[in-house]
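The model shown is predicted, which means the values in this text are computed figures rather than measured ones. Letters go in sequence order (proteins before strands), and every chain restarts at 1.
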Amino acid sequence: MTEPTVFDEIFSRLTPERVLHDPRSTGEGVAVAVIDSGVERAILEKRFADRGQPFQPIDGAVFRPNVPTPLPYDGHQSSPHGTTVADIILTVAPRVTLYSADVFGPQGTCEVETVVAAIRHAIDVWKVKVINLSLGVPEHKLQQAPRRLLLQRTIEEAYFRDVLIFAAAHNDHPTTRSYPAAFAPPLISVDKSLFDDPLRFAYVLREQIEFQAHSRGYLGPFSREPATSWATPHLAGIAARVLSLKPDLKPFEIKTILYWLFKAGAKSA
Amino acid sequence: MSETVLIVDDEDGVRRTFHDWLTGLPDVRVFAAGDAEAALLIANEQPIDLAVLDWNLGSGSDGLRLLEDLVDFQPDIVAILVTGFANQATPLDALRMGVRDYLDKNQDLNREAFLAAVRRQLDRIIPLKRQRELNRTLAEFRDAVEKILPLVRGSSALNEPVPLPAAVHSLFRFLLQSTGAADGALVVRHAPADGPEQMAAYGADGRRLDIGAAVFSRSLASCLVSLQEPSVMTDFSPDSLGGMELMPFEQNRSAILAAALPVGGSAQVVLELFDKPAFTDADKRLVSATSDIAAELLRQAMAERQTSRLLFDAVEAALRATDTVSETLNTSPPATPPAPDILAKLKRGLSADTNAVTDADTGLRLIEAVRELALRYGPPAVDHCVRVVENVKKLLDQIQG
């Protein structure tokens, strides 16, 4: 029997019970941006009120193609997707400071430049630590090299500024890849799976995908249907819980901790 | 565009002098004639804008009589009469015929006075001439567009390779067979940046479906646009719907498998399959794999429609533009009430109708009111008017049982 090393000692202490179930592990003090189709604030407020939980105010902005300055967020969604995503994050980490970046708008489409503007705004203005991207840009929209490079550089910039981006893998399509998930790493691309506990997740290394998270939502049409769009905010919420215990963690540290939390959880199971 | 001035004077010296004085004017073509016959020959060759006419042309002819003949060639012609007998002229008649100025040979008729008189008239003629020219080209353009319109419609009907209903029908025939779904629908939403949102739905047979008062942002389809992967819905409780509203064809379903089709542009298309006891992951993968081909098929069908619609829009916009320009130029015929004889005929026709249940005056009043409405506010106002009449009828039917 080999003597345990210092790493074994350190990692053996990193258990889901100690990290994710710590009473302080609520997302408190962690700013998270949901770059999506907007958030219907009143619906979430009501859900929190029904549960008797205090509700952290949600701020945000609306980003539109060819509009250089973000428009004010009026508390409404462009479509329900973003609200379902925000609800998952708030269910997992109810004390996070949530920002909604609506990049879809009435047109129902999101352009690469709009997503880039929202990411930059989330980093520069909102100073977030976590960005949730449950949206995908289809491969054909990134045929132009400058566009592709713009998105990739923005993702890298987030990493180098200690902001961790979680992106939905959208990996079901047989022929095309979904971006920005395909840029992983430096972001974390999240695949879908079903777990008995929404705080559980798995490390399953595949091409450009490392993590699987619980993929059922709790609010809105199609939310009960497993989707990478719902898996992503679960893992983003879990990261926010981790960060609320140590807010200065760097993206690679969070990833390592997530990895070891999974290992410990699997071992105990 | 240059203006044409014709000098008619039987005195060679005077004629040459006038000609020399005018030769220096920019954009003015000058013709000269010694008598009425030569003048009419020139007028027959090109339109004359301004005639400088000698009152007394010799041989019993005079400038005013010549002007009468010139008007036959060029109804808008304007004239300056040069006379030594201004007091003998009949100004009112002359004015009516197009004489706008007199120059008196017995006074000091020098170059400056002559050119000033000619310039004064040209300054009035030029804008009027431009307007006439614009009206003429506008009328030609309108004629051309009106001739093109049926051709555009005809050729688009012939060339449309994949009509949208046929494309939708083919798509669903394949998907219903492959998945075992009972029915399906396609929700199409077009949201141009500069126009109002338009939404339509098609059934599995390709026919248009009633969408009620659906708003895209509160529809199931809008959820799918951002979701980007095929998804199944089996729980239709209010909690699950989360404020979303089902369209009539989505109601009372046991399951909906839906997926967004990446058609691109400002259109969003969502495919919905209904009522298989349990949609499987294989169904979702099939829909996912089909989505690109389906999107391409629809893109072509919609692009074809779009092209035709754009052509129609362009042609109709062109026609509307001609109306607007004509109105701006104040040249379009004003919206006058129907001529009395037409009204009288209508009245006779109405009174002669044995089925008429109202008197002719009332009927005419209604027709005239609708006509005025159409003139002022266009066809939508008439549509509204018809709806109001229908509603009144319904109301009265209800009251009377």
message: Please find the pair of heavy atoms, one from Pro226(A) and one from Lys284(B), that lie closest to each other, and give the distance.
response: O-NZ, 4.4 Å
- request: Provide the closest heavy-atom pair for His81(A) versus Cys223(B) in the form atom of the first, atom of the second, distance.
  value: CD2-O, 4.3 Å
- request: Can you establish whether the number of heavy atoms outside Asp74(A) located under 6.0 Å from its atom CG is more than 12?
  value: yes
task: Measure distances from Ser37(A) to the heavy atoms of chain B and classify the residue's part below 4.5 Å as side chain, backbone, both or neither.
output: side chain
field: Contact class of Leu135(A) relative to chain B, heavy atoms under 4.5 angstrom
entry: backbone
- line: chain B shares the most heavy-atom pairs under 4.5 Å, among Ser223(A), Gly82(A), Ser79(A), with Ser79(A)
message: Looking at every non-hydrogen atom in both residues, tell me the closest pair between Glu225(A) and Ser231(B) and how far apart they are.
response: CG-OG, 2.9 Å
- prompt: Tell me, side chain or backbone of Glu40(A) under 4.5 Å from chain B's heavy atoms, or both, or neither?
  reply: neither
task: For atom CZ of Arg51(A), decide whether the heavy atoms of other residues, nucleotides or ligands shown that lie under 6.0 angstrom number more than 12.
output: yes
query: Rounded to the nearest 0.5 Å, how far does CD1 of Ile256(B) lie from CZ of Phe222(A)?
result: 6.0 Å
